[in-house]
Amino acid sequence: MEWDKSATLLLEKVPPFIQKIVREKVETIVRSRGKSIVTEADVVAAREGFMGKSNPQPPKQFINNEKFSILRKYPKYFDKDGNPVLYQIKPCHGAEVNCPFLITDPKILVQKLQNRLKELHFTEKLIDKIKGQILPHHTIKIAISGCPNSCSMPQIKDFGVYAVEPVYVDTETECIGCMKCVKTCREDAVTVNNNEVTIDKEKCVHCGMCARVCPVDSIKPADKKYHVLIGGKVGRHPKFALDLLPEADEATTVKAFEVCVDIILSNKTEQRFRALIEQQGIEEIKKRI
Ligand code: SF4
Ligand code: SF4
Ligand code: SF4
C-alpha cells in the first residue's frame, strides 16, 4: 500500500521496534475504508484509536450537576454509561507491541489498582469531599510502565510505577568474557576485567538487559519488582515525583497505593497530592506502608 510523504514522516517518528506493527495496523484500517493510499490524517486517526482516544462517549448523567460543569467537557472523566471516573490510569504499550525492554506487563497492576479504587469507592468519596466544581487536577493520575524507560511518564503522575528487574553476579558461574553485557548496558554500569564481572549499583537502573544477553548466566536476574514514585505533577509549578519504594513487590505496591488514596480522601482540604506529601513528609508515608 502506498503512503504519502506526510504519512511516511509520521511513521518514521515511531520507535523502530514497533514501526512494522503500526504500519500493519494503519494499513488494515485504511484498506477497510476502501482506500489505497495512507495519508497523515489516517495515521493520526489510527494513533488516537490505538491510544484509546477514539469515539469518546459523552456523559449522559450528571449533565446538570454544577459540580461537573468543568469536568463534563472532558469525556475521559466519564465511563461509557456516563458515570464519573475521577482517576486516570495510563499503562505503557510494551506488552501490546512486544517491546524488547518489557519486564512486567503493566496491565496486571492497572487491573489491581483499578479494582482497589472501585472497592474503596474513590470516585464517590472524592465527589463528596469536593465542595465546589470538580476540576481536572482534583482527580488522581496514575501511570504504570513495564520497564525503567518509563514511556507512560510515571515521574509526572500522582502515583507512578515502573517495573524493574534487579540483577546480580553469580560468582559460581564462570564468565567467558564475551563482553555482551558491557555492550548492552546503556548506563555503563558493567565492567569485565579478566573475566571478573562488576556491576556499579549507583549507575544500574535495574533494566535486566545484561542478564538477558549473558550466554552463561554469569549475570542473573533477581525477582521482578516495582519502583514506586509519588507526587509528580505538571502545571504552573511542575515537580518530578519522589521515590517512595525502589523495589516493591506487588502486594506492597498496592498497599502503598491504598495509603496514598487514604491521604487524599482523608484530608479535608482540596490541596494537590504533592502538597499533602510535603506536609506529611515522605518518610512518614513510608512508615505507614
Ligand atoms: S516503558 Fe519499557 S516496556 Fe513500556 S513501552 Fe516503554 S520501553 Fe517498552
Ligand atoms: S540491569 Fe540494566 S542498567 Fe543494570 S547493569 Fe544490567 S544492563 Fe546495566
Ligand atoms: S555477558 Fe556474561 S559471559 Fe559475557 S562478559 Fe558479560 S558476564 Fe561474562
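As the structure lists them, so they are numbered: ligands from 1, and atoms in each ligand from 1. As a basis for the values below, the full set of heavy atoms in this structure was taken, side chains included, without hydrogen atoms, waters or symmetry mates.
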Problem set entry | Cys92 backbone acceptor or donor facing Lys107 side chain under 3.5 Å | no
Problem set entry | Electrostatic pair Lys25-Glu96, nearest N-O below 4.0 angstrom | no
For this session: Just do the side chain to side chain contact (heavy atoms under 4.5 Å, CB included) check on Phe273 and Ile140 with the steps written out, would you?
Result: CA-CA 8 Å; Phe273 183 42; Ile140 184 170; 5.7 Å; no
For this session: Evaluate whether atom CD of Glu172 has more than 12 neighbouring non-hydrogen atoms of other residues, nucleotides or ligands under 6.0 angstrom away.
Result: no
Problem set entry | Backbone or side-chain N/O/S of Cys204 under 2.8 Å of atom 4 (Fe) of ligand 2 | yes
For this session: Please could you name the atoms of ligand 3 that Val197 approaches to less than 4.0 Å, counting only its heavy atoms?
Result: 7 (S)
Exercise. Going by the order shown, which atoms of ligand 2 are within less than 4.0 Å of some heavy atom of Cys210?
Worked result: 1 (S), 5 (S), 6 (Fe), 7 (S)
Exercise. Which ligand 3 atoms, with their elements, are less than 4.0 angstrom from a heavy-atom of Val216?
Worked result: 3 (S)
Exercise. Heavy atoms, side chains only, cut-off 4.5 Å: are Tyr77 and Val85 in contact?
Worked result: no
Problem set entry | Under 4.0 Å to a heavy atom of Met179 - the qualifying atoms of ligand 3, by number | 4 (Fe), 5 (S)
Problem set entry | Residue and atom name of the nearest protein heavy atom (relative to atom 8 (Fe) of ligand 3), distance in Å to one decimal | Cys175 SG, 2.4 Å
For this session: May I ask you to identify, for Cys99, whether its side chain, its backbone, both or neither come under 4.0 Å of ligand 1 on a heavy-atom basis?
Result: side chain
Exercise. What part of Ser150 sits under 4.0 Å from ligand 1 if we count only heavy atoms: the side chain, the backbone, both or neither?
Worked result: backbone
For this session: Could you check whether the rings of His227 and Tyr162 sit parallel, tilted or perpendicular, using 30° and 60° as the cut-offs?
Result: parallel
Exercise. Numbering the atoms of ligand 3 from 1, which are under 4.0 Å from a heavy atom of Ser218?
Worked result: 7 (S)
Exercise. About how many Å separate NZ of Lys201 and NE2 of His206, when rounded to the nearest 0.5 Å?
Worked result: 7.5 Å
Exercise. Between Ser152 and Ser145, does any side-chain donor sit less than 3.5 Å from a side-chain acceptor?
Worked result: yes
Exercise. Numbering the atoms of ligand 2 from 1, which are under 4.0 Å from a heavy atom of Cys185?
Worked result: 3 (S), 5 (S), 7 (S), 8 (Fe)
Problem set entry | Test item: Asp249 and Asp223 side chains (from C-beta on) under 4.5 Å apart, heavy atoms | no
For this session: Could you tell me the residue and atom name of the protein heavy atom closest to atom 1 (S) of ligand 1, and the distance to it rounded to 0.1 Å?
Result: Cys151 N, 3.3 Å
Seminar exercise, completed: To atom 4 (Fe) of ligand 3, the nearest of Ala211, Gly177, Cys178 on a heavy-atom basis is Cys178
Exercise. Got the closest protein heavy atom to atom 6 (Fe) of ligand 3, with its distance?
Worked result: Cys181 SG, 2.3 Å
For this session: Starting from atom 3 (S) of ligand 2, locate the nearest protein heavy atom and write down its residue, its atom name and how far away it is, to 0.1 Å.
Result: Val205 N, 3.4 Å
Problem set entry | Atom of Cys204, atom of Ala189 and distance for their closest heavy-atom approach | N-CB, 3.9 Å
Seminar exercise, completed: The single option from Lys35, Arg31, Arg23 that satisfies salt bridge (Lys or Arg N to Asp or Glu O under 4.0 Å) with Asp42 is Lys35
Exercise. Quick one: does Val190 get a heavy atom under 4.0 Å from ligand 2?
Worked result: yes
Exercise. Which ligand 2 atoms, with their elements, are less than 4.0 angstrom from a heavy-atom of Gly208?
Worked result: 1 (S), 2 (Fe)
Seminar exercise, completed: protein heavy-atom neighbour closest to atom 2 (Fe) of ligand 3 works out as Cys214 SG, 2.4 Å
Exercise. Just how far is it from atom CD1 of Ile89 to atom NZ of Lys141, taken to the nearest 0.5 Å?
Worked result: 12.5 Å
Exercise. Considering only heavy atoms of Leu102, which atoms of ligand 1 have at least one such atom less than 4.0 Å away?
Worked result: 3 (S)
For this session: Report yes or no: does Cys147 have an N/O/S atom closer than 2.8 Å to atom 2 (Fe) of ligand 1?
Result: yes
Problem set entry | For Glu187, atoms of ligand 2 separated by under 4.0 Å from a heavy atom | 3 (S)
